[in-house]
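All heavy atoms count here, side chains included; hydrogens, waters and symmetry mates do not. Per chain, numbering begins at 1; letters A, B, ... match sequence-line order.
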There are 2 protein chains.
Amino acid sequence: MDRTDISLIALRRILRATELYGKELATAAKLTAAQFRALQIVAETGRATPKDIASRMGVSQATITALVDKLVARRLVTRERSERDRRQTNVTVTPEGQATVDEAPDALQQRYVRKFEALEDWEQAQIIASLERVAAMLDADAIDASPVLTTGDIKSTDKRH
Amino acid sequence: MDRTDISLIALRRILRATELYGKELATAAKLTAAQFRALQIVAETGRATPKDIASRMGVSQATITALVDKLVARRLVTRERSERDRRQTNVTVTPEGQATVDEAPDALQQRYVRKFEALEDWEQAQIIASLERVAAMLDADAIDASPVLTTGDIKSTDKRH
DNA sequence: AGCGAATTATTTGTCTATCTAAGCATCATG
DNA sequence: CATGATGCTTAGATAGACAAATAATTCGCT
């Protein structure tokens with residue numbers, strides 16, 4: 001088996017682990033994976049418009065409407081018309097919603113974070129270089145990928161507004 | 001922003017690119033992503049039982065029944081009772097099904113393969129080491145990750161049977 | 001040999017996610 | 001102010017997923 005295959009297999013393991021993690025996380029939070037992702041996006045900065053959420057998740061706005069409906073019903077977010085532009089809706093995380101995200105189980109990501117931080121400097125640097133290299137090889141271009149898998153203290157690289 | 005965050009962002013880009021690739025692939029093949037994945041699994045060794053497919057995809061058998069129904073309707077696979085164990089069903093890829101997999105569009109993976117192979121030896125080695133490192137940090141353990149994103153010439157690391 | 005338990009697949013019913021198309025309100029601009 | 005663009009929602013459709021129930025078969029044990 002050549003190196004290309006080996007790298008694909010490792011990649012595949014990463015994808016699979018992440019997917020399973022998503023389900024695990026969602027199950028523990030009593031939400032579906034999609035709902036949890038949406039909630040995370042909102043919680044990241046405290047609020048977001050459906051449009052933002054849709055583009056971050058790569059789905060249509062209609063999907064977000066339904067998703068937000070469910071989150072509102074669970075009182076994890078609220079929905080209000082924006083003052084600045086009354087076509088827009090602000091989806092705002094509630095304390096409960098924030099708590100749900102914060103109390104997400106100590107699974108994959110935290111495991112990853114802990115292990116990553118335990119690495120030697122040079123090793124961290126190498127991994128970053130490699131991951132960025134792979135990401136560059138994979139994505140055609142300009143994909144929005146701010147850290148949804150937030151570690152809790154990242155501020156979104158604010159984009160227009 | 002610290003290194004952990006940077007690495008998470010890169011990881012996120014990889015995940016996203018791969019997800020989008022899945023959709024792209026499926027659209028081109030006129031199948032949904034799930035259907036395509038199932039077909040790939042069957043095509044990998046020519047046949048598979050619903051049980052195998054379910055565990056490889058991480059979903060229930062009931063889901064596979066419905067998925068295989070659709071693939072059968074499109075004549076991409078056939079279904080017959082196994083001789084060895086008549087509780088089992090063999091899902092076998094048809095020439096059309098195989099062709100569908102083989103003719104999957106020249107998108108992400110091939111882009112990746114080409115670029116990866118163009119790298120210097122030391123760079124390939126570094127990427128592999130990093131990816132495996134990350135995979136190990138992410139997956140709890142023993143996750144089946146044989147190359148579904150097959151490059152066309154990988155034989156499954158045969159497992160019991 | 002025969003009975004009960006386990007395994008494999010399917011059916012049925014329900015829920016969620018997702019899309020497209022269409023609609024409504026609002027903003028921006030000529 | 002009329003027109004078109006933008007942001008969101010609604011409506012209707014399809015797909016994926018699960019749990020529970022069912023059926024067919026095989027296995028384990030006495």
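Nucleic acid contact for A62(A): base, since at least one base atom lies under 4.0 Å from a heavy atom of the residue. Counting any heavy atom pair closer than 4.0 Å across all strands shown, I64(B) reaches no nucleic acid atom.
On a pure distance criterion of 3.5 Å, no polar donor-acceptor pair joins the side chain of R86(A) and the base of dT26(C).
Residues M57(A) and I64(A) come closest through the heavy atom pair SD-CD1, 4.1 Å. In plain terms, the two heavy atoms of L71(A) and A38(A) that are nearest each other are CD1-CB, 4.2 Å.
Closest approach to the Q88(B) side chain among dT8(C), dT11(C), dA15(D) is made by dT8(C) (side chain taken as heavy atoms from C-beta onward). For K51(B), whose side chain is taken as the heavy atoms from C-beta onward, the closest listed nucleotide among dT8(C), dT18(C), dA5(D) is dT8(C).
Neither OP1 nor OP2 of dG16(D) sits under 4.0 Å from any side-chain N or O of T63(B). A close approach under 4.0 Å does not occur between any side-chain nitrogen or oxygen of Q61(B) and OP1 or OP2 of dT8(C). In terms of phosphate contacts, K70(B) brings no side-chain nitrogen or oxygen within less than 4.0 Å of OP1 or OP2 of dT14(D). Residue S60(A) places at least one side-chain N or O closer than 4.0 Å to OP1 or OP2 of dC19(C). Checking the phosphate oxygens (OP1, OP2) of dT9(D), a side-chain nitrogen or oxygen of T65(A) falls inside 4.0 Å.
Residue R87(A) contributes atom CZ, which lies 13 Å from atom P of dA5(D) at whole-angstrom precision. If you measure from atom CG of D85(B) to atom C1' of dT7(C), you get 8 Å, rounded to the nearest angstrom. Distance CZ (R81(A)) to P (dC24(C)): 14 Å, rounded to an integer number of Å. Counting to the nearest Å, the C1' atom of dC18(D) and the CE atom of M57(B) are 14 Å from each other. For L67(A) and dC8(D), the CG to C1' distance is 15 Å, given to the nearest whole Å. Atom C1' of nucleotide dA24(D) and atom CZ of R79(B) are separated by 15 Å, given to the nearest angstrom. A straight line from CD of E83(B) to P of dT25(D) spans 12 Å, rounded to a whole angstrom. Protein atom CG of D69(B) is 13 Å distant from nucleotide atom P of dA9(C), rounded to whole Å.
No side-chain N or O of T49(B) forms a donor-acceptor pair with one of Q88(B) less than 3.5 Å apart. Side-chain contact of T63(B) with S60(B): a donor-acceptor pair under 3.5 Å is present, judged by distance alone.
For the pair T49(B) and A66(A), both in contact range of DNA chain C, the more 5′-proximal nearest nucleotide belongs to T49(B).
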Is there a side chain to side chain contact (heavy atoms under 4.5 Å, CB included) between R47(A) and V91(A)? Walk through the geometry before answering. CA-CA 5 Å; R47(A) 80 167 40 159; V91(A) 179; over 6 Å; no
